[in-house]
Every structure is written in C-alpha cells, then in structure tokens.
Novice: 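Got a structure for you, questions after.
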Amino acid sequence: MIKECVVVGAGPAGLATSRALVERGVDHIVLEQDEVGHSWRTQRWDSFRLNTPGWMNGVLGRPERDGYATAPEVVAALDGLAAALPVQQRTPVRSLDRDANGYVLRTPDGDLRASTVVLTTGNQNVPRVPALAGRVAEDVQQWHAAEFRNSAQLPPGAVLVVGSAQSGCQIAEDLIAAGRQVYLATSQVGRFPWHYRGRDVVEWLVEAGFYDQRPQDLEDPAMTRATQPVVASGGRSLSLQSLARSGVMLLGRIVSVAGHAMTFDGSTEANIAYGNRFAGRVCTFVDAFISQTGVRAPPPEPDDSEGPVNRQTVADPRSRRRGPLRSPGGGGRSPLLCLGPGARA
C-alpha cells in the first residue's frame with residue numbers, strides 16, 4: 001500500500017493530525033497498535049481529570065468550556081472523532097525505514113510506503129519504575145500510576161506515594177479522601193495556583209504567550225526538561241501544603257531502601273519552597289502582562305495553596321520510616337503505591 005502520509009498513533013495528537021490532513025485533502029492512514037486512545041482507556045485512575053479546561057481541548061469536540069474532562073469522557077470524544085477518520089486499529093508498526101521514495105513501515109498486515117510519516121505515539125505510555133523499588137520487601141505491594149484505579153484495589157494499611165508531580169499529588173489526594181493513611185515522598189516540582197487576579201492562571205498564561213516561548217527565549221533553556229508543574233484539575237489549587245492540611249504526611253526524597261525500611265532526605269521544606277517560588281514566578285509573569293497591556297484585572301489575591309503547614313505532617317530531616325512499609329498483623333500486605341519518576345516511552 002502506498003500513501004501520501006502515514007500517522008502512527010491514534011491518541012489525541014494522531015487524531016488531530018488526521019483531521020487536519022482530511023481537511024486539506026491529503027491521502028493518509030492512521031495506524032494504531034491497540035485501540036483508539038488506548039492509554040486513556042487503560043492507564044488512568046477512576047478520579048482522574050484533565051488539568052486543562054475544556055476551552056483548551058478543541059480536539060475533544062465541544063466540551064464544557066470551564067469543565068475538566070474525565071478519562072471516559074476523553075475516550076468517548078476520541079472514539080467519536082476517529083469514526084470519521086481513516087484509522088486502522090490493532091496494527092502495530094514493527095519498523096520504520098527510509099527508502100528511495102520516502103519511508104517504508106512494516107506491520108503484521110504487510111508493508112506500507114509513504115512520502116511522509118507523522119509519529120504521534122506519545123512519550124509517557126510505558127511505565128518506568130525506579131531501581132530502588134527492587135529493594136522493597138516482597139510482602140509490600142507495589143503499583144504504578146498506570147495500574148492504580150482506586151483505594152479499594154489496595155489491601156488495608158498505609159500507602160506511600162513516591163513522587164510529587166501531577167500524578168503523585170492527585171493520587172495522594174484521592175487516597176486521603178478515601179480515608180487512607182498516606183505518605184508522600186516529595187521532590188522539586190513547580191506548581192501553578194489555579195486562580196489569580198480574577199481568572200484561571202492557565203488562561204492568563206495562554207493569552208500572555210507563555211506557551212509560545214521557545215527554548216532559546218528562556219533564561220535557562222534547561223527548564224524545558226524540568227518536571228511539568230502541578231496544575232490542579234477540577235478547578236481548584238493543589239500543592240504540598242494543601243495535601244499536608246488534608247492529612248498527608250510529607251517526606252523528602254527516598255535515599256535508601258532495605259526491606260520494610262526506607263530512608264528519606266531532609267528536602268521536604270526545600271521542596272515546598274521550590275513550588276512556592278515557581279508559583280510566584282508564574283504570578284509575576286501574569287502581573288507583567290497585565291501591566292504592559294493595561295488589561296483590566298482585580299488586584300492580586302493571596303495564594304490559597306501557600307498557607308501554613310501543620311508541623312506534624314512534615315517529617316523530620318533524615319527520616320528513617322518503617323510505618324508505611326511494615327506488614328500489618330494477621331498476615332496482611334501493606335501497599336506501596338510506587339509511581340516512579342513518571343511513565344516514559
């Protein structure tokens with residue numbers, strides 16, 4: 001088969017690309033190794049919501065402007081979009097090579113040739129677990145964020161969530177709301193306050209051109225490789241402080257593991273401060289835009305995520321904790337929700 005273009009991957013990016021190609025009359029096909037939106041069907045927890053509002057997600061059709069879609073809502077929208085596009089599901093691409101006329105893609109159903117190939121496979125669909133997880137006692141259950149669905153699937157006992165970026169913070173929030181005892185191993189991750197000077201912060205940033213910046217425009221281009229900041233979903237702010245106020249015990253980074261014991265460094269307060277500084281820079285960026293353009297906006301309000309932290313919910317420096325990982329009496333299994341540094345391709 002010969003096509004002008006082949007798109008590999010039928011997630012949001014692949015389907016948006018296909019729709020644009022259809023509108024321009026480009027002969028193409030979309031190859032998906034599983035089913036449309038596969039990772040959205042199989043790697044999202046029950047309480048998951050997008051951290052961007054409906055007005056930013058035109059590929060999902062006509063979502064509620066200020067709503068935050070659930071994973072099933074995303075899947076339904078992708079299915080509806082794919083129905084009008086040339087998508088071929090369950091067709092994995094085994095290899096991609098150049099030839100004299102463009103590219104050749106080898107699949108179980110035969111070879112395809114195309115002058116152009118667009119790769120939209122995503123870069124966060126293969127779970128990655130830190131090496132330290134292999135040193136945890138065998139009677140401690142470990143789950144990756146891609147496997148976690150809700151508190152009910154975990155056995156009784158405390159839960160240690162490893163990683164305080166978007167997934168870790170949202171899952172810690174989910175678990176504490178379910179009445180679990182939750183520990184959160186934190187790291188340096190920025191955060192956005194949800195609301196500032198009368199508007200959603202993300203809306204301010206889009207209007208101010210924040211997302212139009214190129215690496216060379218940044219004071220430190222290495223920031224393009226930094227962990228994505230925590231942006232709360234569902235229209236409320238989320239921070240280490242707000243999690244601590246809800247009862248989550250904050251810990252530093254894991255530095256060693258030996259069976260049921262883990263040692264954490266003393267970086268908890270520094271990690272909280274890092275998030276605060278990031279939020280402050282975001283607000284300063286918005287303030288500068290308002291000042292330069294004369295946009296009407298109310299004065300700055302206090303950051304509702306930055307408030308005080310109960311000292312009892314921040315572990316002492318150089319903590320050595322056994323509680324979250326010790327098997328409870330009666331032969332039960334104490335769960336460890338091991339998120340790792342993120343899912344990577």
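Computed from a predicted structure; not experimentally measured. For the numbers below, each heavy atom of this structure counts, side chains included, while hydrogens, waters and symmetry mates do not.
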Novice: How long is the span from the OG1 atom in Thr186 to the CD1 atom in Ile272, to the nearest 0.5 Å?
Specialist: 7.0 Å
Novice: Can you name the closest pair of heavy atoms from Thr120 and Gly9 and give their distance?
Specialist: OG1-O, 3.0 Å
Novice: Any Lys/Arg nitrogen of Asp46 or Arg149 sitting under 4.0 Å from an Asp/Glu carboxylate oxygen of the other?
Specialist: no
Novice: Regarding Ser18 and His28, do their side chains bring together a donor and an acceptor under 3.5 Å, going by distance alone?
Specialist: yes
Novice: How long is the straight-line distance from CG of Asp265 back to OG of Ser256, given to the nearest 0.5 Å?
Specialist: 10.5 Å
Novice: Under 4.5 Å between side-chain heavy atoms, hopping through other hydrophobics if needed: is there a path connecting Leu81 to Leu60?
Specialist: yes
Novice: Is it possible for you to say whether Phe210 and Val295 belong to one hydrophobic cluster, with membership spreading through side-chain heavy-atom contacts below 4.5 Å?
Specialist: yes
Novice: Quick one: CG on Leu175 to CD on Gln181, what's the gap to the nearest 0.5 Å?
Specialist: 12.0 Å
Novice: Assess whether atom CZ of Arg24 is packed by more than 12 heavy atoms of other residues, nucleotides or ligands within 6.0 Å.
Specialist: no
Novice: Rounded to the nearest 0.5 Å, what's the gap from CZ on Arg94 to OG1 on Thr107? Could you check?
Specialist: 8.5 Å
Novice: Going by distance alone, is a donor N or O of one side chain under 3.5 Å from an acceptor N or O of the other, for Arg191 and Ser239?
Specialist: no
Novice: Please find the pair of heavy atoms, one from Ala185 and one from Ile254, that lie closest to each other, and give the distance.
Specialist: CB-CG1, 4.2 Å
Novice: What heavy-atom pair brings Gln166 and Val230 nearest, and what distance separates the two atoms?
Specialist: OE1-CA, 3.3 Å
Novice: In this structure, would Tyr103 and Ile2 fall into the same cluster of hydrophobic residues linked by side-chain contacts under 4.5 Å?
Specialist: no
Novice: Taking all non-hydrogen atoms of both residues into account, name the closest pair between Glu73 and Tyr68 and its distance.
Specialist: OE1-O, 4.4 Å
Novice: Just how far is it from atom CZ of Arg253 to atom OG1 of Thr263, taken to the nearest 0.5 Å?
Specialist: 14.5 Å
Novice: Val282 and Val202: same hydrophobic cluster, using ILVMFWY side-chain contacts below 4.5 Å?
Specialist: yes
Novice: So how far is it from Asn51 CG to Leu238 CG, rounded to the nearest 0.5 Å?
Specialist: 10.0 Å
Novice: Take atom CD in Gln216; do more than 12 heavy atoms of anything else shown fall under 6.0 Å from it?
Specialist: yes
Novice: Give the minimum heavy-atom separation between Pro298 and Arg197, together with the two atoms involved.
Specialist: O-NE, 2.8 Å
Novice: Quick one: does Thr91's side chain have a donor or acceptor within less than 3.5 Å of a partner on Gln89's backbone?
Specialist: yes
Novice: Any chance you could lay out the side chain to side chain contact (heavy atoms under 4.5 Å, CB included) test for Glu301 and His195, step after step, and finish with the verdict?
Specialist: CA-CA 9 Å; Glu301 63 268 48; His195 199 263; 3.5 Å; yes
Novice: How are the rings of Phe192 and Phe278 set to each other: parallel, tilted or perpendicular (split at 30° and 60°)?
Specialist: parallel
Novice: Does Leu85 belong to the same Ile/Leu/Val/Met/Phe/Trp/Tyr cluster as Val117, with side-chain heavy atoms less than 4.5 Å apart forming each link?
Specialist: no
Novice: Should we say atom CD of Glu207 is surrounded by more than 12 heavy atoms from elsewhere, each under 6.0 Å from it?
Specialist: yes
